[in-house]
2 protein chains.
Amino acid sequence: MCNVPIMKMGAGVEWGIHCCLTLAWLEGAGPVPIGRLARWFDLPPEYLKKRLQLLARAGILESTPGVQGGFSLGRRPERITLMDIVAALEGSAGPFQCTEIRQRGVGGHGAEFTGDCSIKTAMRRAELAWRRELAAQSIADLMASAPPASAERTRRRYADLASG
Amino acid sequence: MCNVPIMKMGAGVEWGIHCCLTLAWLEGAGPVPIGRLARWFDLPPEYLKKRLQLLARAGILESTPGVQGGFSLGRRPERITLMDIVAALEGSAGPFQCTEIRQRGVGGHGAEFTGDCSIKTAMRRAELAWRRELAAQSIADLMASAPPASAERTRRRYADLASG
DNA sequence: GGGTACATACTCGGATAGTGGCTGTCCGAGTGTCAGAGG
DNA sequence: CCTCTGACACTCGGACAGCCACTATCCGAGTATGTACCC
């Protein structure tokens, strides 16, 4: 029971962030096709494609069709926050959905109160703290916190992957 | 698509908080049976029972069997935080489950890095901010932020519900 | 009158569906690149 | 040498099935109260 997540977040979020980080390191080498990214992380290509399409639709990634097309970063790594990626992949609604049960049933207040119930407010406050932390972290920050050799190694391995 | 929650949290959380708040206001009037709470909020009794059982197992509520039994608060309202309720109902694992995809596939680092990946760290930081906010809010705080007449009205309506 | 047995009203725990979202796959359509044929 | 045409390698978007957690319900068992019955 203790392995059940408090709030479930799709696996695509982890995929998306990793792909953005990799694309950031591979910037300048041209678009990266889905198949290569999927082999890179050993992920199902078709489903990964769906996730990256969402990121492209949000402007986080850029997709170029054609024979040498693929996905590349849609804007500078400093301007891509984790919040952007999460919102693009999972939607914009918060984790706590207030169904206003206080207004139903015998004990309900009916339309007596028009303001938000205090529970909704309290949960929203926590959610905002979470969003703020996510928005404060950009892809560039993740790049900076990684070992200095990461960029070089990523480019080298990608070259091997492209040639092999 | 914009109605899809970022992280899904079960509806039982809202139920649980509302029930705790109601039980706090009804303290001193003896245990409240499930059927009455369910009618109070117009919720399915059997499923609500399952949720409150989880709260009782966590020590947040106290359940007394027998003919005049029911649920009551397991400890003082000041010592029941929203984090306690959420953790008891949804489990203790975080929303972001790092599956370490960086270690898989062609581009993976294998066992090269033993530390946590920076993505996991960043997501955990946001999650901790969320937890901290939830832990800072207690049932007593919610009671204090409600209109002063709430306690009296709750007790009066409960008396009507019990007699009717 | 006092003690015992039974009915009652609850909770506890397990077993069992229904439902919706996430996961994963397949297919047709559109688009840009490149090679090759023809002028 | 230049241009046009076709093959190719991608992305885009929709349709579809499988799986799992949440939701919801039912049933038997346990427990405390309250009453009725018997001595």
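Protein chains get the first letters and strands the later ones, always in sequence-line order, with residue 1 at the start of each.
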Quiz item: Quick one: CG on B:Leu89 to CE on B:Met9, what's the gap to the nearest 0.5 Å?
Solution: 9.5 Å
Quiz prompt | CD-CE distance between A:Glu78 and A:Met143, expressed to the nearest 0.5 angstrom | solution = 8.0 Å
Quiz item: Among the nucleotides C:dT11, C:dT25, C:dA9, which one has an atom lying closest to any side-chain atom of B:Pro65?
Solution: C:dT11
Practice problem: Could you tell me the separation between the CG atom of A:Leu43 and the P atom of C:dC22, rounded to a whole number of Å? | Solution: 18 Å
Exercise. Looking only at side-chain atoms of A:Pro33, point me to the closest of D:dA32, D:dT25, D:dC10.
Key: D:dC10
Quiz prompt | B:Lys49 side-chain proximity, nearest of D:dT11, D:dT25, C:dG13 | solution = C:dG13
Practice problem: For A:Glu14 and B:Thr99, test the side chains for any donor-to-acceptor distance below 3.5 angstrom and give the result as yes or no. | Solution: yes
Quiz item: Taking atom P of C:dC22 as reference, at what distance in whole Å does atom CG of A:Leu48 sit?
Solution: 17 Å
Quiz item: In whole angstroms, how far is the C1' atom of C:dT23 from the CG atom of A:Leu54?
Solution: 13 Å
Exercise. Figure out the CD/C1' separation between A:Gln97 and C:dG21, and round it to whole Å.
Key: 14 Å
Practice problem: Output the distance between atom CG (B:Leu23) and atom CD (B:Glu62), rounded to the nearest 0.5 Å. | Solution: 11.5 Å
Self-check item: Under-3.5 Å donor-acceptor pair between B:Lys50 side chain and C:dG14 base
Solution: yes
Practice problem: Would you kindly compare A:Phe71 and B:Tyr47 by the position of their nearest DNA chain D nucleotide and give the one closer to the 5′ end? | Solution: A:Phe71
Quiz item: Whole-Å distance between C:dT23 P and A:Glu46 CD?
Solution: 16 Å
Quiz prompt | Heavy-atom side-chain contact between A:Leu48 and A:Cys19 under 4.5 Å | solution = yes
Practice problem: Measure from CG on A:Asp42 to P on C:dG24 and round the result to the nearest Å. | Solution: 11 Å
Exercise. May I ask you to verify if any side-chain N or O of B:Arg57 is less than 4.0 angstrom from the OP1 or OP2 atom of C:dG13?
Key: yes
Practice problem: Starting at atom CZ of A:Arg39, determine the distance to atom P of D:dA9, rounded to an integer number of angstrom. | Solution: 13 Å
Quiz item: Between B:Arg51 (CZ) and D:dT23 (C1'), how many Å, whole number?
Solution: 9 Å
Practice problem: Return the nearest nucleotide to the side chain of B:Lys8; candidates are D:dG13, D:dT23, C:dG21. | Solution: C:dG21
Practice problem: With heavy atoms under 4.0 Å as the rule, sort B:Gln68 into base, sugar-phosphate or nothing. | Solution: nothing
